[in-house]
Amino acid sequence: MYSLSVVVPVYNEEGNVAELHREIKEICVQKQYDYEIIFIDDGSTDRTAEICRELRPLKFIRLRRNSGQTAAMDAGIKAATKDFIVTMDGDRQNDPADIPVMLDYLLAHEYDMVSGWRKDRKDTFMKRFVSRGANMLRYLLVHDGIHDSGCSLKIYRKECFKGINLYGEQHRFIPAILKIKGFTVGEVVVHHRPRTSGRTKYNWKRTFKGFVDMISVWFWNKYATRPLHLLGGLGILFMLLGGGCGIWSVALFCMGYKMSRNIIPPILTVFFMIMGVLMFVFGLMAEILIKIYFGVHVDKSYSIKETWVNEE
């Protein structure tokens, strides 16, 4: 018997939580899984929490304020107790019936994680357009081998999240983060259903934050353990440019040019030399901070208001 923790962040989804809970419970009972359903209320202002109190079985986590989908997902993952963790959206666009397919695929190929691929998306044109652009950037920067990393429907072995804290919009880049740590990642086509209740929570702000987090993942992948290679390298490059400008200045002086009439070369010399020294020093400081990061506990970006469990 396989044991599953189904983790679902919800925010103002009063029209979806009851039916989504029913669908998850139905498929888990049908497949005879040892399961738990975890809903994380990300500071909802509607009747979401009130409705969830009537659902059984359910582990319900309520955050003190709206902290974002990634923070809510992190709280749910940390509360999970089963061998496999399934994450999905609370808007019912992900289909719980895909969970057995993803679990079988993970076990058959011995993956540590399997991500859903919404090959036939039921979203608006603009949302699909923005998502496709983000996927292209993600392919160029992090290259995690996943077609649709933004799909929340994923299944993981529990050990994937040992020592990992999610923040920002990083739930989109979990495959890349896990690949960096050496876990194996697969992908399988899943269903995607049109939204039937509530409003989408995606906007340009989340797109911008996602791009910034993508840069963070790229940096972490390339230079997390050696930031001096990047910043120190840039520092040396700037100092070489400063040296070149210095030679240029001396040559002009020897040729009889007055510096008052050719002030650009010496200004560039000073600028590049200062920038070079600063970048190299920043690289050394980053090296020290990285060592501190790996040696101490990382604080969470959210605060849990209450947690309760409704037994079957």
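In this chain, numbering begins with 1 at the start of the sequence shown.
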* To do: Please report the shortest heavy-atom distance between Ala79 and Ile61, naming the atom on each side.
  => CB-CD1, 3.5 Å
* Mind listing the closest non-hydrogen atom pair of Cys151 and Asn94 along with its distance? => SG-ND2, 4.2 Å
* Parallel, tilted or perpendicular, as decided by the 30° and 60° cut-offs, for the rings of Tyr2 and Phe84 -> perpendicular
* With a 4.0 Å cut-off, would you call Glu19 and Arg193 a salt bridge? -> no
* Looking only at heavy atoms, which two atoms of Val8 and Gly90 are closest? And how far apart? -> CG1-CA, 3.6 Å
* **Nearest heavy atoms of Thr48 and Glu13, plus distance in Å** => OG1-N, 3.0 Å
* Side-chain donor or acceptor of Asp89 paired with backbone N/O of Asp91 under 3.5 Å -> no
* Do side-chain atoms of His21 reach the backbone of Pro57 as a donor and acceptor pair under 3.5 angstrom? -> yes
* To do: May I have the step-by-step check of side chain to side chain contact (heavy atoms under 4.5 Å, CB included) for Ile174 and Thr87, ending in yes or no?
  => CA-CA 11 Å; Ile174 294 178; Thr87 61; over 6 Å; no
* Do you reckon Leu178 sits in the same ILVMFWY cluster as Ile146, going by side-chain contacts under 4.5 Å, direct or chained? -> yes
* Any Leu241 side-chain heavy atom under 4.5 Å of Met275 side chain -> no
* Asked: Val101 and Val190: side chain to side chain contact (heavy atoms under 4.5 Å, CB included), yes or no, with the steps?
  -> CA-CA 9 Å; Val101 176; Val190 296; over 6 Å; no
* To do: Classify the ring geometry between Phe272 and Phe238 as parallel (under 30°), tilted (30 to 60°) or perpendicular (over 60°).
  => parallel
* Asked: Between Asp42 and Ile40, is a side chain to side chain contact (heavy atoms under 4.5 Å, CB included) present by the stated rule, with each step listed?
  -> CA-CA 6 Å; Asp42 187 24; Ile40 311 92; 5.8 Å; no
* Asked: Would Arg53 and Glu306 pass as an ion pair if we require N to O under 4.0 Å?
  -> yes
* Hey, are the side chains of Val86 and Leu103 touching, using non-hydrogen atoms and a 4.5 Å cut-off? -> no
* Check ion pair Arg47-Glu50 (N to O, under 4.0 angstrom) -> yes
* Backbone of Phe183 reached by a side-chain donor or acceptor of Asp112 within 3.5 Å -> no
* Asked: Do the side chain of Asp148 and the main chain of Arg118 share a donor and acceptor less than 3.5 angstrom apart?
  -> yes
* Angle class for the Tyr111/His109 ring planes (parallel below 30°, perpendicular above 60°, tilted otherwise)? -> parallel
* **Approximate separation, where rounding is to 0.5 Å, of Lys25 NZ and Leu58 CG** => 10.5 Å
* Asked: With distance as the sole test, does Asp74 use its side chain to make a donor-acceptor pair with the main-chain N or O of Asn165 at under 3.5 Å?
  -> no
* Check against side chain to side chain contact (heavy atoms under 4.5 Å, CB included), Ile24 and Met88 -> CA-CA 11 Å; Ile24 296 172; Met88 61 193 309; 3.9 Å; yes
* Do any N or O atoms from the side chain of Glu36 and from the backbone of Lys59 form a donor-acceptor pair under 3.5 angstrom? -> no
* Could you tell me whether the side chain of Leu166 reaches within less than 4.5 Å of the side chain of Ile77, counting heavy atoms only? => yes
* Asked: If only atom types and distance count, is the side chain of Ser3 paired as donor or acceptor with the main-chain N or O of Asp83 below 3.5 Å?
  -> yes
* Just wondering, are more than 12 heavy atoms of other shown residues or ligands nearer than 6.0 Å to CD in Glu159? -> yes
